[in-house]
Amino acid sequence: MDHFKDKVAIVTGGASGIGQALCEELGRRGAAGVVVADVNVEGAHEVAAAITAVGGRAQAAELDVTQAEAVQALVEQTASQHGRLDLMFNNAGISTWGEMRDMTLDHWQRIVDVNLWGVIYGTMSAYGVMVGQGFGHIVNTASSAGLAPSPFATAYVTTKHGVVGLSTTLRVEGVGLGVKVSVVCPGFIRTGIGDAMEFVTQLEGGTKEFVAAAIPKMMEPDDCARVILRGVERNKAIITVTGLARVAWWLNRLNPGLMLRLSLKMVSDTRAMRVES
Ligand code: NAI
């Protein structure tokens with residue numbers, strides 16, 4: 001029987017990209033209830049409707065992951081409606097690109113609120129329910145930027161390292177209480193994250209164009225979702241997605257000196273294009 005058949009899952013950031021692909025794949029694989037939770041409620045309704053239109057079981061929920069009480073309420077409501085919560089995917093996230101010296105505390109606040117506090121709220125709420133029922137699996141989305149330095153993304157990297165630390169440590173505490181914890185670390189996936197990205201440093205020829213051109217071949221979200229669910233089924237601690245993510249992780253552990261030299265070159269090449277405002 002499919003591992004995800006009759007499972008009850010919440011996916012935050014389910015209206016787009018990786019979250020949407022996870023919802024659709026869970027729906028296809030017979031999940032008993034997929035809660036498509038997103039601050040973009042219209043998008044969440046569209047994803048849930050598309051899943052039910054092909055025979056899946058899904059519902060939309062408006063959720064801003066920066067609101068702790070709202071996250072707690074959705075988790076409790078889902079568990080009481082279905083009698084349990086099997087899977088919590090804390091996937092919603094945003095990104096910024098640019099130098100630390102161009103960032104304000106507001107930039108930091110926004111990204112930490114969504115990428116770190118959002119994951120903490122989702123984890124705390126689901127963990128409470130799952131410890132109570134004696135089973136469940138929390139799956140937090142970090143990034144390859146949670147496993148190695150990634151210049152010009154200091155705030156994003158900070159949040160993603162935090163998510164890796166939270167997940168790998170809670171995984172150990174969860175043993176004996178029936179709760180599994182995994183963390184997902186993708187490389188580049190073709191999603192809407194770039195459209196919503198904040199660029200705080202200006203480069204000659206346009207920052208957005210430069211960043212887009214620097215990104216290597218991207219994986220499709222559907223393929224990413226399948227890799228994630230295979231990792232969840234195998235209860236992997238760290239689920240890397242894309243070869244690039246695996247190379248960055250290995251290189252940072254096996255040869256941090258080389259990783260540093262590559263990063264320094266990237267910084268100096270990029271800085272040469274900097275436009276002072
Ligand atoms: P996306 O932009 O396509 O989807 C993100 C979703 O999160 C959107 O539907 C958005 O409305 C939602 N969201 C944003 N703020 C929210 C909030 N406060 N409350 C609830 N929902 C909110 O982006 P993508 O790429 O699918 O990102 C999903 C996760 O994957 C993020 O955590 C991201 O950091 C991570 N990731 C993405 C990579 C990529 O290359 N696309 C690479 C590594 C990690």
Side-chain angles (χ1 to χ4, degrees), residues 10-25 35-48 60-75 88-97 109-123 125 139-148 150 153 155-164 166-167 182-198 211-212 214-225 227-228 238-246 248-249:
I10 296 174
V11 181
T12 71
S16 170
I18 298 170
Q20 174 180 354
L22 278 170
C23 290
E24 290 170 350
E25 188 65 16
V35 180
V36 185
D38 205 291
V39 73
N40 169 9
V41 67
E42 277 175 27
H45 277 291
E46 281 170 24
V47 171
E62 183 170 12
L63 180 72
D64 181 347
V65 297
T66 68
Q67 304 302 307
E69 284 167 15
V71 176
Q72 177 83 33
L74 180 66
V75 165
M88 179 77 190
F89 290 89
N90 292 302
N91 162 82
I94 58 172
S95 64
T96 54
W97 190 94
Q109 207 90 51
R110 270 197 296 281
I111 197 164
V112 173
D113 273 353
V114 178
N115 290 14
L116 192 51
W117 278 113
V119 174
I120 294 170
Y121 297 148
T123 299
S125 304
V139 185
N140 293 330
T141 306
S143 165
S144 56
L147 299 170
S150 182
Y156 184 76
V157 168
T158 302
T159 62
K160 296 305 188 179
H161 273 69
V163 171
V164 171
L166 159 69
S167 310
S182 299
V183 62
V184 178
C185 295
F188 293 105
I189 315 296
R190 192 186 311 283
T191 71
I193 198 162
D195 303 330
M197 191 183 276
E198 260 188 296
V211 173
I215 292 174
K217 192 172 178 295
M218 288 189 272
M219 184 187 263
E220 296 304 321
D222 286 353
D223 294 328
C224 176
V227 175
I228 293 172
I238 298 179
I239 304 169
T240 50
V241 187
T242 75
L244 190 77
R246 278 185 284 279
W249 188 30

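For ligands, and for the atoms within them, numbers begin at 1 and follow the listed sequence.
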Below 3.5 angstrom, do we get any N/O pair linking [X] and ligand 1?
X	value
I94	no
A37	no
V114	no
S16	yes
P186	no
D38	yes
N40	no

So which atom in [X] and which in [Y] form the shortest heavy-atom distance, rounded to 0.1 Å?
X	Y	result
A145	V157	O-CG1, 3.4 Å
N140	S167	ND2-OG, 3.1 Å
V164	G146	CG2-O, 3.6 Å
L116	T159	CD1-O, 3.9 Å
A61	A44	O-CB, 4.4 Å
V119	N115	CG2-O, 3.2 Å

Can you tell me how far apart [atom1] ([X]) and [atom2] ([Y]) are? Round to the nearest 0.5 Å.
X	Y	atom1	atom2	result
H45	E62	NE2	CD	8.0 Å
N90	L166	CG	CG	8.5 Å
S143	Y156	OG	OH	4.0 Å
S125	I120	OG	CD1	11.5 Å
I193	I18	CD1	CD1	7.5 Å

Which ligand 1 atoms are under 4.0 Å away from a heavy-atom of [X]?
X	value
Y156	33 (C), 34 (O), 35 (C), 36 (N), 43 (C), 44 (C)
G192	2 (O), 3 (O)
F188	40 (O)
G13	6 (C), 7 (O), 12 (C)
D64	17 (C), 18 (N), 19 (N)
L63	19 (N), 20 (C)
I18	26 (O), 30 (O), 37 (C)
G17	3 (O), 26 (O)

Side chain to side chain donor-acceptor pair (under 3.5 Å) partners of residues 185-196, not counting sequence neighbours, each pair once: R190-E220
So which heavy atom in the protein is nearest [atom], and how far is it from that ligand atom?
atom	answer
atom 27 (O) of ligand 1	I193 CD1, 4.0 Å
atom 40 (O) of ligand 1	I189 N, 2.8 Å
atom 19 (N) of ligand 1	V65 N, 3.0 Å
atom 5 (C) of ligand 1	G93 O, 4.0 Å
atom 24 (P) of ligand 1	T191 OG1, 3.4 Å
atom 16 (C) of ligand 1	V39 CG1, 3.8 Å
atom 42 (C) of ligand 1	G187 O, 2.8 Å

Non-hydrogen atoms of [X] versus ligand 1: any pair closer than 4.0 Å?
X	value
K160	yes
N91	yes
A142	yes

Side chain to side chain contact (heavy atoms under 4.5 Å, CB included) involving Y121 - partner list, sequence neighbours excluded: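 Checked Y121 against side chain to side chain contact (heavy atoms under 4.5 Å, CB included); matches are A68, V71, W117.
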Heavy-atom side-chain contact between L244 and F188 under 4.5 Å: yes
Test log, rule side chain to side chain contact (heavy atoms under 4.5 Å, CB included), inputs Q20 and V36: CA-CA 8 Å; Q20 174 180 354; V36 185; over 6 Å; no
